[in-house]
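Indexing begins at 1, ligand by ligand and atom by atom, following the structure's order.
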Amino acid sequence: MGPEYSPVDGKTYSLFGNSDSTSEYYETIRMLADKIQVLNTDIQALIENIRRFSLKKRILKKALINTESDNQISVILNIIDPYLKKYTGNTEEHLRRLPVSKLFDRRLATSREQYHLYMLEIELTNRRFSSDFLSADRKIALMPYCLQDFSANCKSTRNGFDYQCKHCSVRCFQNYASEILEANNIEPYIWMEGDMKKLAKFSLREKRTLGILGIACIPELTWGMRNCWKNSIPVVGIPLNANRCIRWFGEFFPNSVDLAEIEKLVIAPVAR
Ligand code: SF4
């Protein structure tokens, strides 16, 4: 037995697209990142440019319509949009129904163009930080609570930085992800109460480098990775296969993550 790996639909996105697995998504995003890196070989400048523009929703919409422009963001959006839109099909309906009071929530109000740039940014950031993360003195992984098996009575307990899985369910993605991470010398935590600032300060004091691997839905992961970068922490990340937690649906639905991709990320440095 293993965790059920069948397509799941998200409030705004699903990495399954029209497929039975998420491998096609990962092949696509790698192919797109390769193409985009040809436009600008300075990966840091590329990510910074993507970040700067990804805040400007209206400009992104115009940039996508303007297929003739040689502006870098317009070119990037027009390359990635035809490939990535099959993964973000529910976004517009979600935005139409989003109450005005929630329009200021950056995560909930993420537009389709922003999703596509975030997908690219996560892949490029993995390329940028993969070796630094793997060579950090201490590596920790932060997994979201919503990835657990909701049919089990979760036995995870607080241990060190935060909660850790006790491997009680063979249907649980946290269980398998934790095993992969532990086998590769990465401390796996279910992020509930852990204080990142304290951890970063402690590592600095101890003169030990810290690396973070994040697992979260695309908007959360992107903002978390930016925060780590801002604090000079090498960060890599894997998006949840869809956004299905209480924040998006008002209740929790079972979710999944691509375990093979976690393995790839923690075993071999991603090619730059
Ligand atoms: S396998 Fe781990 S995370 Fe999953 S329900 Fe059991 S203790 Fe909780």
Near atom 8 (Fe) of ligand 1, which protein N/O/S atoms are found at less than 2.8 Å?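 Only Cys154 SG fall inside 2.8 Å of atom 8 (Fe) of ligand 1.
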Any cation-pi pair here, Arg226 with Trp223, using under 6.0 Å and within 45°?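 Cation-pi check for Arg226 and Trp223: passes.
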Taking the cut-offs as 6.0 angstrom to the six-membered ring centre and 45 degrees off its axis, would you call Arg107 and Trp248 a cation-pi pair?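 No, Arg107 does not lie over the aromatic ring of Trp248.
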Listed by chain and number, what are the salt bridge (charged side-chain N to carboxylate O under 4.0 Å, His left out) partners of Glu261, not counting sequence neighbours?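 For Glu261 the salt bridge (charged side-chain N to carboxylate O under 4.0 Å, His left out) partners, ignoring immediate neighbours, are Arg30, Lys264.
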With under 30° as parallel and over 60° as perpendicular, where do the rings of Phe173 and Tyr5 fit, or are they tilted in between?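 The arrangement is tilted - the two ring planes meet at 30° to 60°.
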Please list all pairs passing the side-chain hydrogen bond (donor to acceptor under 3.5 Å, both in side chains) test where one or both residues lie in residues 78-87, with sequence neighbours left out.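 As it turns out, the side-chain hydrogen bond (donor to acceptor under 3.5 Å, both in side chains) pairs with a partner in residues 78-87, which skip direct neighbours, are Glu24-Lys86, Asp81-His116.
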List the residues meeting side chain to side chain contact (heavy atoms under 4.5 Å, CB included) with Asn40, not counting sequence neighbours, and say none if there are none.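 Asn40 satisfies side chain to side chain contact (heavy atoms under 4.5 Å, CB included) with Asp42, Ala45, Leu46, Gln72 once adjacent residues are dropped.
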